[in-house]
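To keep things clear, I will list the structure first and then write my remarks on it.
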Amino acid sequence: MTARRPDDAAASSGDERDTRDMTDSSSTLLERIRDLDLTVLGMRFARMWRRSLQLRVVTSTLALSMGVILTIAFMLQSQMAAQLLSTKLDAAVEQAGRLRVTVEAQIAATDEGTSEQSRLDQARSALGERGIASDGESVHAGTFDPILVVPDQTGRGQVVSPADSQVPPELQSLVQRGRVAFQYVTVDFRGERAKALIIGTPTDSSIPGLELYLVYPLIAEEQTLGIMRGIVATAGLAIIVLSAAIAWMVARQVVLPVRQAASIAQRFANGHLKERMVIRGEDDVARLAMAFNDMAQSLSDQITQLEEFGDLQKRFTSDVSHELRTPLTTVRMAADIISDSAGDLDPPTKRAVELLESELDRFESLLTDLLEVSRHDAGMAELSVTALDVRGAVEDAVSTVSHIAESAGVQVELDMPAEPVVAEVDSRRVERILRNLVANALDHSESKPVRVTLRGSEAALAVSVRDHGVGLKPGEESLVFNRFWRADPSRVRRSGGTGLGLAIALEDAKLHGGRLDCWGSPGEGSCFRLTIPRRHGGTLTSSPLPLTPEDEARLVSTGSPTPLDRVPGTEEARS
């Protein structure tokens, strides 16, 4: 018995662990291969195919190269095979003529008293073995096996030498009609299955109807064709690889500038206005880079001008609103003094004083809005957040514009939950948003009811103001929040708006981290929806209220809240 040393045991344990690790790795790899989803792979390849011009160029080049190479290889093989067989056939026909004379002479030299089988065997042995002629010279047609056949003429059966040889009946039929014929067949040539050429010719000997057949194996020709196919395959593979490399390099030279232009354009769109393409050479790509840089420079200059103009406009709005405050106060004081003694004035003067006070109120409202806009532009607007029941703010906003609804003969319908809807908001700003929305709806309701709806979810609350008036034309939903924009300038505004109400409402909604969305259709009215988080700084992902009729139908059928998609003129709040 041989004792094992501890070192041997340790080594054995290590080998076992390595074997187990290799087995585990192999099984894991096989599991990963089995888990591969062909559909996912196909989708990934399709995505790469759509996104990569370089991949499409290289793949197309490979496919075309492979098609050309396969066509050329087929033509070469066909031509070479035809040439080899033609050369083989010509040599075999020539050799068959000479060997026929040899057979005729050998048959004439044999004793006619011997059997036909013996005479055929002697004649066949005179033709030599393995394609070597009896005079020792190599036969240029290649190795062959001779077959002598005497057809059945007297009912005794045909005689064949060698006795176990067989000749295709079609070929034998042609030879019996006195023709030199040939046929390509697959035969058992000296223990191997091989394609062969059989030449048959009639003879003029003392044995009536004697036929000579020579079996030429095409082994050498098959080997030659195999070598040729290998050479063509190797050359074709090399050409395909080189074509792929060339296509890759050429496509890369074209695609790289395009990718660079796309990357720079993306960075340019993100605000990096100094990004430019590198110009190399004077070719088409260089001209593309020059044109791209000129375009980028022109856009940069225009954007800079627009920014400067915007800053100037903001400063002008701020300066004008502040500078007008003092003269407006003075004019207001003078108007109040005149109004106090209005009883002593004649009717025309008294009416003029009333118009002066009305326009001063409108002017003061415009100045207040301008000051609010300037604060938003300067980033100085602040929230005074408190937790309160938003239902009160909705009721206060509707109550503020109730006189407008009475003068227009429009009914305002309130749809609010019975339980409190508490949220952390600035009540003054929320009330101002809703007041502007309801007043705007009253101006465009065409005397049809206006519905104000409040709903809340765990994360957000929403208030929608829906009218069934003139509605909005396609594209106008992205313009209603612009400053001083009006859908129909000739329309009478009962609310006496300044044209800044919706713009300020949008800024107030953004200040809450919320959204102000708009939908409208001609003849169907419009809907404005305010969505804000219930907790200050929260994130909005959906709204408890629908915006469009499609959203409303989806809410009725599924009961799920409306996803917040990007709407022109609004931004999604992120905490």
Side-chain angles (χ1 to χ4, degrees), residues 79-112 114-153 158-190 192 194-225:
Q79 292 292 331
M80 191 169 183
Q83 186 66 31
L84 288 174
L85 293 178
S86 176
T87 303
K88 185 78 170 183
L89 180 60
D90 293 341
V93 171
E94 181 183 355
Q95 187 176 22
R98 294 199 310 270
L99 295 179
R100 180 185 60 187
V101 175
T102 303
V103 170
E104 292 172 352
Q106 183 64 31
I107 292 296
T110 58
D111 186 4
E112 295 183 0
T114 59
S115 64
E116 288 185 351
Q117 185 67 55
S118 298
R119 297 177 71 184
L120 293 182
D121 291 340
Q122 291 177 13
R124 180 176 175 275
S125 62
L127 298 179
E129 296 179 358
R130 299 179 179 272
I132 304 298
S134 57
D135 56 0
E137 296 180 357
S138 298
V139 178
H140 64 276
T143 303
F144 66 89
D145 272 353
I147 301 175
L148 294 175
V149 178
V150 178
D152 181 10
Q153 296 177 348
Q158 73 175 6
V159 181
V160 181
S161 178
D164 58 347
S165 298
Q166 294 182 354
V167 178
E170 300 86 357
L171 178 61
Q172 191 172 5
S173 175
L174 293 174
V175 173
Q176 288 175 358
R177 283 182 278 179
R179 299 172 56 182
V180 178
F182 67 91
Q183 185 175 352
Y184 295 102
V185 295
T186 301
V187 299
D188 187 2
F189 184 80
R190 298 174 184 175
E192 296 182 5
K195 293 182 179 179
L197 168 66
I198 301 180
I199 295 287
T201 178
T203 64
D204 186 11
S205 65
S206 58
I207 300 177
L210 177 62
E211 302 165 1
L212 171 64
Y213 296 93
L214 301 177
V215 181
Y216 292 92
L218 302 177
I219 298 176
E221 287 73 16
E222 288 286 340
Q223 292 176 349
T224 303
L225 288 176

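Not measured: the values here are computed from a predicted model. In what follows, residues are counted from 1 in the order of the sequence shown.
For the pair V149 and Q172, the minimum side-chain heavy-atom distance is below 4.5 Å. Between Q223 and I219, some side-chain heavy-atom pair lies under the 4.5 Å cut-off. Annotation: side chain of T102 is not in contact with side chain of R98 (no heavy-atom distance under 4.5 Å). Looking at T201 and V175, their side chains never come closer than 4.5 Å, going by heavy atoms from C-beta outward. No side-chain heavy atom of L99 sits less than 4.5 Å from a side-chain heavy atom of P146. Put simply, the side chain of L120 reaches to within 4.5 Å of the side chain of L210, judged on heavy atoms. Contact check for P202 versus Q176: no side-chain heavy atoms found under the 4.5 Å cut-off. In this structure the side chain of L85 reaches within 4.5 angstrom of the side chain of Y184, judged on heavy atoms.
Of all the heavy atoms in L197 and L218, the pair that sits closest is N-CG, 4.1 Å. Nearest heavy atoms, M80 versus T224: CE-CG2, 3.5 Å. For the pair Y213 and G200, the tightest heavy-atom approach, listed with the atom from each and the gap, is CD2-CA, 3.4 Å. In terms of heavy-atom proximity, P217 sits nearest to K88 at O-NZ, 3.9 Å. Of all heavy-atom pairs between P168 and V185, the closest is CG-CG1, 4.0 Å.
Expressed to the nearest 0.5 Å, how far CD of Q183 lies from CD1 of I199 amounts to 10.5 Å. Atom CD in Q79 sits 11.5 Å away from atom CG in L84 (nearest 0.5 Å). In this structure, CD1 on I107 lies 6.0 Å from OG on S206, to the nearest 0.5 angstrom. Once rounded to the nearest 0.5 Å, the distance linking CG of L148 with CD of Q106 reads 10.5 Å. The CD atom of E94 sits 11.5 Å away from the CG atom of L89 when rounded to the nearest 0.5 Å.
Not one N or O on the side chain of S173 forms a donor-acceptor pair closer than 3.5 Å with the backbone of P169. In this structure, the side chain of E104 does not engage the main chain of S205 through any donor-acceptor pair within 3.5 Å. At distances below 3.5 Å, at least one donor-acceptor pair connects side-chain atoms of Q117 with backbone N or O atoms of V160. No side-chain donor-acceptor contact under 3.5 Å links S86 to the backbone of A82.
More than 12 heavy atoms of other residues, nucleotides or ligands sit less than 6.0 Å from atom CD of E222.
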### Task
Could you go through the side chain to side chain contact (heavy atoms under 4.5 Å, CB included) check for L171 and I198 one step at a time?
CA-CA 9 Å; L171 178 61; I198 301 180; 3.3 Å; yes
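The closest side-chain donor-acceptor pair between R119 and T110 falls under 3.5 angstrom.
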